[in-house]
Undergrad: 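This is the structure I have questions about; it appears just below.
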Amino acid sequence: EPEIVKLTTREKLNWEKELLGIYLSEHPINEFKEVLMKNNVTTISTLTEDMNNHPVRIGGIVITLQKILTRQKQTMYFAGFEDHTAKVELIIFPKVIEETANIWEIGKPLIVKGKISTKDGQVKVIVEKALILEGSNMMNEDIKVVDPLISQSVKMGDDGIVNIFIPRGTVSEALNDIKYKLA
């Protein structure tokens, strides 16, 4: 009898994607669920056109990578990026590529910080920073999106409970912004 070779979960998922065009049993990003939760990432399906210029942090897998040359003969990338909920296009400018050149490969799990752009009527993310997702204890303060309103008024206790402090007389626009961020 032929010897049975044990396949890793990632190999099985790659075969599923290659054969069926989709991940059937699970999405490869599920391996990093804990890391994504710790880093407070947004799922791609929740990105909308009314979030133009908002900072965002997303986690997913690079599914396509298109390299182009700018007018200044610098390399720029357009990457297809997906998590378990949806797909989005990433725009990676030359400056970011200089800092992160070795991580832009198809199939790489990444956590990306950037800004939402809806310039062409489609939601895209302009990448400012990116890291390879590794292990369940990965934590990088540098990739965190910091909102001044949140950093001043939201505190997490040692028990894991998040307290939100809203001063009296807060205008309704700020309250709606808080509601939007919580959603």
Undergrad: Determine whether Ile132 and Trp104 fall in the same hydrophobic cluster, where Ile, Leu, Val, Met, Phe, Trp and Tyr are linked whenever their side-chain heavy atoms lie under 4.5 Å apart.
TA: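 Looking at the clustering, Trp104 is in the same group as Ile132.
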
Undergrad: Provide the closest heavy-atom pair for Glu49 versus Val123 in the form atom of the first, atom of the second, distance.
TA: N-CG2, 3.7 Å

Undergrad: How many angstroms lie between CD in Glu82 and NE2 in His27, if you round to the nearest 0.5 Å?
TA: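 Taking CD in Glu82 and NE2 in His27, the distance rounds to 3.5 Å.
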
Undergrad: Is the backbone of Thr43 close enough, under 3.5 Å, to the side chain of Asp83 for a donor and an acceptor to pair up by distance?
TA: no

Undergrad: Closest heavy-atom contact between Lys108 and Ile103?
TA: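 Nearest pair, atom of Lys108 first, then Ile103: CG-O, 3.6 Å.
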
Undergrad: What distance separates Asn102 CG from Ile97 CD1, expressed to the nearest 0.5 Å?
TA: 12.0 Å

Undergrad: Consider only side-chain heavy atoms of I, L, V, M, F, W and Y, link residues closer than 4.5 Å, and tell whether Phe81 and Met51 are in one cluster.
TA: yes

Undergrad: Roughly how far, to the nearest 0.5 Å, is CZ of Phe78 from CD1 of Ile91?
TA: 5.5 Å

Undergrad: Val88 and Ile58: which non-hydrogen atoms are nearest, and at how many Å?
TA: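 Shortest heavy-atom contact: CG1-CD1, 4.0 Å.
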
Undergrad: With rounding to the nearest 0.5 Å, note down the distance linking CD in Glu16 to CD in Glu26.
TA: 8.0 Å

Undergrad: Are Leu133 and Leu131 grouped together when hydrophobic residues (ILVMFWY) are joined by side-chain heavy atoms under 4.5 angstrom apart?
TA: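 Linked, Leu133 and Leu131 end up in one cluster.
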
Undergrad: Tell me, do Val62 and Glu105 make a side-chain contact under 4.5 Å, heavy atoms counted?
TA: no

Undergrad: Tell me, yes or no, whether the heavy-atom count around Glu99 atom CD, taken from other residues, nucleotides or ligands under 6.0 Å, exceeds 12.
TA: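 Yes.
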
Undergrad: Please report the shortest heavy-atom distance between Met76 and Ile92, naming the atom on each side.
TA: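 Closest approach of Met76 to Ile92, heavy atoms only: CG-O, 3.2 Å.
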
Undergrad: Treating Ile, Leu, Val, Met, Phe, Trp and Tyr as nodes and any side-chain heavy-atom pair under 4.5 angstrom as an edge, say whether Tyr77 and Ile106 lie in one connected cluster.
TA: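 Yes; Ile106 is reachable from Tyr77 via cluster members.
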
Undergrad: Between NZ of Lys113 and CD1 of Ile126, what distance do you get to the nearest 0.5 Å?
TA: 13.5 Å

Undergrad: In Å and rounded to the nearest 0.5 Å, what is the NZ to CD1 distance from Lys124 to Ile116?
TA: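 Here the interatomic distance stands at 13.5 Å.
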
Undergrad: Which atom names give the shortest non-hydrogen contact between Val112 and Ala130, and what distance separates them?
TA: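 Closest approach of Val112 to Ala130, heavy atoms only: CG2-CB, 4.2 Å.
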
Undergrad: Please tell me whether Val125 and Phe93 are part of a single hydrophobic cluster in this structure, the criterion being side-chain heavy atoms less than 4.5 Å apart.
TA: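 Each belongs to a different hydrophobic cluster.
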
Undergrad: So which heavy atom on Thr85 is nearest to which on Ile44, and how close?
TA: OG1-N, 3.6 Å

